[in-house]
Amino acid sequence: MFSKALLRFPASINPAYKINQSGRLAAPIVPAARYRATATRSFSTTPSANDDTNGNGGLKKRLLQRPSAIAQRLPDPDVEHGPHRLREFELDGRVFIVTGGAQGLGLTLAEALVEAGGHVYCLDRQEKPQQSFYDTQERLAHRYEGTLHYRQVDVQCAKQLDDVVAAIATEHQRLDGLIANAGIQHVCDAIEYKPDDVMKMMAINFGGVFFSAQSCARQMIKYNIPGSMVLIGSMSGLIANRGLRTVVYNASKAAVIQSARSLAMEWGKIVETEDGMKPIRVNTLSPGNIMTPMVQANFDEEPHLKKMWEDGNMLGRLSEMREFRGAALFLLSDASSFMTGGNLVIDGGYTAW
């Protein structure tokens, strides 16, 4: 009878409640502010002297003044029915550095951080990024509170890296995270590898990652911000890629994976806060075969590799850059607060054979 009585009144009287198909009262998911207003409403159906000729005027006034028994019994929406779920993934107001962020995987991961509310600075050695960066920047600016920026940096130059990272941290009075993604590839028979190519590969793929982590850690410590770092490794740091002659690249990625473990140990209790010493968490994200501009260059040089790599994992295909967005967000957010020194391998089962 109560539900039938509710149906007699206009929707404006009881906008926070609906009658479902079974005829029962159902409370929708509403923001906390609306919930508090709704909780003051009553659903008494007894007419009074204040009612207008339609029986609704005085009733509306009483609905806004007297809390009903049902409203009082409803769960707090901030606890069970609030619009914000999985808040530990939110990055609102936090500041991040993404090296190698002008294009490719770095830009794709940076975009995910902006969507989660972060202020993201992409660092790369190009004077200006490609048009795809500006297109992404423009699209994000109209849809999210986070922001996307670009700074020119060569990760091999530790002093320049220090200066740029310090300027970003000073502007925001904080630095919360890093994705160290800058890297290069070089396919060559091991016996033909030139000394200069070896040094260049290690200087960028390992040295650049280390210098990036070092510069960001200095600012996190300075501003007392417990942060999180994601060093981009590779399954190539764990295994030998079938048919791909990249011994120095594989060694550089193995170095990245090991450095994450060692840095996690050193920085487990390094940031001084009011609640005691807190960590800078350091983890590695190791993709399998992924379609990036660098991988496409491999296919251009050796077309047979594509079919070989597709057959090499359990899913029979190559991954797309977008498939690593969630992993990066997880590792940089509070959702992974008890994870450090880890290596998150996402390779379609390649290393599980």
- [ ] Name the orientation class of the two ring planes belonging to Y121 and H149 (parallel below 30°, tilted from 30 to 60°, perpendicular beyond 60°).
- [x] parallel
Open item on the list: For F330 and F89, take the angle between the two ring planes, folded into 0 to 90°, and tell me which bin it lands in: parallel under 30, tilted 30 to 60, perpendicular over 60.
Closed with: tilted
Flag if over 12 foreign heavy atoms under 6.0 Å of [atom1], [X]:
{"X": "R261", "atom1": "CZ", "answer": "yes"}
{"X": "E272", "atom1": "CD", "answer": "no"}
{"X": "R242", "atom1": "CZ", "answer": "no"}

Task: Test log, rule salt bridge (charged side-chain N to carboxylate O under 4.0 Å, His left out), inputs R245 and D189 - done: CA-CA 6 Å; R245 297 160 292 119; D189 290 334; 2.8 Å; yes
About how many Å separate [atom2] of [Y] and [atom1] of [X], when rounded to the nearest 0.5 Å?
{"X": "K253", "Y": "L231", "atom1": "NZ", "atom2": "CG", "answer": "9.5 Å"}
{"X": "E115", "Y": "L91", "atom1": "CD", "atom2": "CG", "answer": "11.0 Å"}
{"X": "W267", "Y": "S262", "atom1": "CH2", "atom2": "OG", "answer": "10.5 Å"}
{"X": "K278", "Y": "I270", "atom1": "NZ", "atom2": "CD1", "answer": "15.0 Å"}
{"X": "L238", "Y": "D347", "atom1": "CG", "atom2": "CG", "answer": "8.5 Å"}
{"X": "Q219", "Y": "N224", "atom1": "CD", "atom2": "CG", "answer": "11.5 Å"}

Determine whether the side chains of [X] and [Y] contain a donor N or O and an acceptor N or O closer than 3.5 Å.
{"X": "E302", "Y": "N298", "answer": "no"}
{"X": "N181", "Y": "T99", "answer": "no"}
{"X": "E127", "Y": "Q152", "answer": "no"}
{"X": "T108", "Y": "R325", "answer": "no"}
{"X": "N343", "Y": "S286", "answer": "yes"}

So, does [X] use its side chain to make a donor-acceptor pair with the main chain of [Y] at under 3.5 Å?
{"X": "N283", "Y": "L331", "value": "no"}
{"X": "E145", "Y": "G117", "value": "no"}
{"X": "R218", "Y": "V165", "value": "no"}
{"X": "Q173", "Y": "T170", "value": "yes"}

Do [X] and [Y] come close enough that some side-chain heavy atom pair is under 4.5 Å?
{"X": "N241", "Y": "M235", "result": "yes"}
{"X": "I280", "Y": "M229", "result": "yes"}
{"X": "L113", "Y": "L332", "result": "yes"}
{"X": "V95", "Y": "I225", "result": "no"}
{"X": "Y193", "Y": "M201", "result": "yes"}
{"X": "F210", "Y": "L263", "result": "yes"}
{"X": "S234", "Y": "Y249", "result": "yes"}
{"X": "E323", "Y": "I346", "result": "no"}

Considering all heavy atoms, the nearest [X]-[Y] contact:
{"X": "M314", "Y": "W353", "value": "CG-CZ2, 3.7 Å"}
{"X": "T284", "Y": "A260", "value": "OG1-CB, 3.0 Å"}
{"X": "N250", "Y": "A240", "value": "ND2-CA, 4.0 Å"}
{"X": "Q156", "Y": "A203", "value": "OE1-CB, 3.7 Å"}
{"X": "S252", "Y": "M202", "value": "CB-SD, 3.6 Å"}
{"X": "L148", "Y": "C122", "value": "CD1-SG, 3.7 Å"}

TODO: Determine, stepwise, if the pair R94 / D334 fulfils salt bridge (charged side-chain N to carboxylate O under 4.0 Å, His left out).
DONE: CA-CA 12 Å; R94 300 185 188 184; D334 294 339; 2.8 Å; yes
- [ ] Evaluate side chain to side chain donor-acceptor pair (under 3.5 Å) for D162 paired with S215, printing each intermediate quantity in order.
- [x] CA-CA 5 Å; D162 259 345; S215 294; 2.7 Å; yes
Task: Passing option when L123 is tested against V155, L161, L178 for side chain to side chain contact (heavy atoms under 4.5 Å, CB included) - done: L161
TODO: Begin with the C-alpha distance, continue with both residues' side-chain angles, and end with the deciding distance and a verdict on salt bridge (charged side-chain N to carboxylate O under 4.0 Å, His left out) for D196 and K200.
DONE: CA-CA 6 Å; D196 288 347; K200 180 179 180 181; over 6 Å; no
Spell out, yes or no, whether [X] and [Y] are grouped together once hydrophobic residues are joined by side-chain heavy atoms under 4.5 Å, including indirect joins.
{"X": "Y144", "Y": "I179", "value": "yes"}
{"X": "V120", "Y": "Y223", "value": "no"}
{"X": "I257", "Y": "I290", "value": "no"}
{"X": "I232", "Y": "F324", "value": "yes"}

TODO: Check side-chain hydrogen bond (donor to acceptor under 3.5 Å, both in side chains) between S319 and all other residues, then give those that pass, not counting sequence neighbours.
DONE: none
- [ ] Could you walk me through whether Q296 and T292 pass side chain to side chain contact (heavy atoms under 4.5 Å, CB included), step by step?
- [x] CA-CA 6 Å; Q296 184 59 56; T292 64; over 6 Å; no
TODO: Please lay out, stage by stage, how R139 and E111 fare under the test salt bridge (charged side-chain N to carboxylate O under 4.0 Å, His left out).
DONE: CA-CA 10 Å; R139 175 168 47 81; E111 181 178 357; 2.8 Å; yes
TODO: Could you identify which residues cluster with L318, counting Ile, Leu, Val, Met, Phe, Trp and Tyr as linked when any side-chain heavy atoms lie under 4.5 Å apart, either directly or through a chain of such contacts?
DONE: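 V187, L244, M291, V295, F299, L305, M308, W309, listed by chain and number.
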TODO: Go through S132 and L107 one step at a time and tell me if the side chain to side chain contact (heavy atoms under 4.5 Å, CB included) criterion holds.
DONE: CA-CA 9 Å; S132 60; L107 179 57; 4.2 Å; yes
TODO: For the pair F133 and Q130, evaluate side chain to side chain contact (heavy atoms under 4.5 Å, CB included) and give the outcome as yes or no after the intermediate values.
DONE: CA-CA 6 Å; F133 179 91; Q130 297 182 1; 5.8 Å; no
Open item on the list: side chain to side chain contact (heavy atoms under 4.5 Å, CB included) for Y134 and K128? Distances and angles first, verdict last.
Closed with: CA-CA 10 Å; Y134 294 109; K128 293 183 179 180; 3.9 Å; yes
